[in-house]
Amino acid sequence: MVKFGSMPQILVWLGYLELFGFLAIINMQEGKTDRKPGDFGLRGFYPSDAKGQYEMQVKELRNGRLAMLAFSGIATVGVLTQEKWPFFDAVVNATGRSKAPR
């Protein structure tokens with residue numbers, strides 16, 4: 001039998017966070033708040049002027065797109081070569097343990 005470990009607790013806490021995010025989206029769509037999608041109120045290094053905010057949003061989109069392209073390249077190499085997943089020393093199975101070569 002497989003032990004559960006801490007995964008059920010992680011699932012519950014992440015589900016709890018998702019619930020609050022879903023409720024915030026509903027409030028936004030009903031017009032009860034001026035919150036924009038992706039705005040979680042974390043304003044540590046966010047510019048205060050409109051031009052700076054626009055530039056920051058464009059940078060965020062470009063970096064996200066670059067990350068998606070990089071990941072798709074890694075996945076493509078893994079599929080085309082039929083080797084272990086790139087950047088890992090061992091083939092990893094679903095349990096997270098490396099498989100011993102036979």
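No hydrogens, no waters, no symmetry mates; every other heavy atom, side chains included, goes into these values. This is a predicted model, so every value here is computed, not measured.
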Asker: Within a 6.0 Å radius of atom CD on Glu30, are there more than 12 heavy atoms belonging to other residues, nucleotides or ligands?
Answerer: yes

Asker: Linking I/L/V/M/F/W/Y whenever any side-chain heavy atoms sit under 4.5 Å apart, do Met7 and Leu14 land together?
Answerer: yes

Asker: State the CD1-OG1 distance between Ile26 and Thr33, to the nearest 0.5 angstrom.
Answerer: 13.5 Å

Asker: Roughly how far apart are Ile25 CD1 and Phe20 CZ, rounded to 0.5 Å?
Answerer: 14.0 Å

Asker: Is it true that atom OH of Tyr46 has more than 12 heavy atoms of other residues, nucleotides or ligands lying nearer than 6.0 Å?
Answerer: yes

Asker: Decide, yes or no, whether a salt bridge links Glu55 with Lys59 under the criterion of side-chain N to carboxylate O below 4.0 Å.
Answerer: no

Asker: Output the distance between atom CZ (Arg62) and atom CZ (Arg65), rounded to the nearest 0.5 Å.
Answerer: 8.5 Å

Asker: State, to 0.1 Å, how close Pro47 and Met56 come at their nearest heavy-atom pair, and which atoms those are.
Answerer: CD-CE, 3.8 Å

